[in-house]
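Order of the sequence lines sets the chain letters (A, B, ...), proteins ahead of strands, with each chain counted from 1. Remember, it's a predicted structure, so these values are computed and weren't measured experimentally. Because only heavy atoms are used, hydrogens play no part in the values below, and waters and symmetry mates are left out as well, while side chains stay in.
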There are 2 protein chains.
Amino acid sequence: MRLSTKGRYAVTAMLDLALNGAKGPVTLAEISENQGISLSYLEQLFAALRSKELVRGVRGPGGGYYLGKSADDISIANIICAVDEWVEFTRCGGRQNCSRGARCLTHSLWDDLSAEIFDFLANISLEDLIKRGSIEAEKKTPELNVVPNGDSQAA
Amino acid sequence: MRLSTKGRYAVTAMLDLALNGAKGPVTLAEISENQGISLSYLEQLFAALRSKELVRGVRGPGGGYYLGKSADDISIANIICAVDEWVEFTRCGGRQNCSRGARCLTHSLWDDLSAEIFDFLANISLEDLIKRGSIEAEKKTPELNVVPNGDSQAA
DNA sequence: TTAATACCAAGTAAATAGGTAGGAAATTAG
DNA sequence: CTAATTTCCTACCTATTTACTTGGTATTAA
């Protein structure tokens, strides 16, 4: 999994689309103004989003973008993967010389964690985010068998 | 939250340290060889980790690095934040002109999600990762009130 | 036909990732 | 004490990625 500002731009743009798309297509110019992202950078992001059918473009005057499917069927992971490529598995499957095993083990652990994060984001849809409006408060421990470590804040 | 290869390097290096640190300090040279990361890049990463007291260095022959505290007290979020700085909140608190409210709303949604991801990683310690060895299987839905959307895999 | 819009391609400046080089300081083995 | 080992420190460097710019073409509503 990879989480960059590029992914954030894509998610916020998609949120904008989901929030304002009810009354007709939303132009990139609007999103650009609303979100403070340059028009042609948005074009690049939306080219990627369109190729994954997460958005649908309508040309001509009065055109713009719709969501490609229901906000309920678009996960955050979908969006981030669309713009970030994300084929960067570290599986040392054969070609990497995992000399001492240590590399394979840590890579395997990382891969598992990475999959876990992906799963987490794959289970949050645009609709979820919007419905909730604000999440915060009332956090429970995540699903995996963790030991709350009491030291979870940033330094 | 920010999740890059830099953070991955840091996490795998810390895992290496946790796995091999029982029988004395681990040198960066060893980690470099095990994980395939250049020595001086590791030095940069460990300078950041050291400043957050996540590792403790021992100089001289036979020296190396120990974990700065128990593997149970070091969360994945701790590690990633140490090397990634991560002060990039998009809070448009005052200075940003949130012209139409759309920006503030989407930013707020993103911030909430970002905090959620952080919390997720803050509740996974090095010890958790190692103990489990392999996570996979038996995933339950994350804690927040999500609607499993049945479309959670990458495109 | 004109204007608005998506779409497309090439290039660019800035930031970041990741690595090199060359040390100084501490500490241990001899 | 000396030499080797290792952390620690600074500066620089290259490749990639971000984010943006420019200059278009295609489509379509009015």
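- Remark: C1' of D:dT17 and NZ of B:Lys6 are 14 Å apart, rounded to the nearest angstrom.
- Residues passing the side chain to side chain donor-acceptor pair (under 3.5 Å) test with A:Thr27 are A:Glu30, sequence neighbours excluded.
- To the nearest angstrom, C1' of D:dT18 lies 12 Å from CD1 of A:Ile37.
- In this entry the distance linking CD of A:Glu33 with P of C:dT5 reads 12 Å, nearest Å.
- Here the options are A:Tyr65, A:Tyr66, A:Tyr41, the test is ring pair (Phe, Tyr, Trp, His ring centres under 6.0 Å), and the partner is A:Phe46; only A:Tyr65 passes.
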Does the protein touch nucleotides 2-15 of chain D at the base, only the backbone, or not at all? Give it as B, S and - per nucleotide, heavy atoms under 4.0 Å. --BBBBBB------

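- A straight line from CD1 of A:Ile31 to P of C:dA6 spans 8 Å, rounded to a whole angstrom.
- A:Leu3 has its CG atom 17 Å from the P atom of D:dT17, to the nearest Å.
- As a whole-Å value, the separation of B:Gln35 CD from C:dG18 P is 14 Å.
- The environment of B:Glu53 atom CD is sparse: at most 12 non-hydrogen atoms of other residues, nucleotides or ligands sit within 6.0 angstrom.
- No donor-acceptor pair closer than 3.5 Å links the side chain of B:Asp16 to the backbone N or O of B:Thr12.
- In the model, B:Asp128 has a side-chain atom that pairs as donor or acceptor with a side-chain atom of B:Ser125 under 3.5 Å.
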Step by step, work out the side chain to side chain donor-acceptor pair (under 3.5 Å) result for A:Asp73 and A:Ser70. CA-CA 5 Å; A:Asp73 283 337; A:Ser70 147; 4.5 Å; no

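- At the phosphate of D:dA19, OP1 or OP2 sits under 4.0 Å from a side-chain N or O atom of A:Thr5.
- Atom OH of A:Tyr66 is separated from atom P of C:dA6 by 12 Å (rounded to the nearest Å).
- When rounded to the nearest whole Å, the span between CZ of B:Arg2 and C1' of D:dT18 equals 11 Å.
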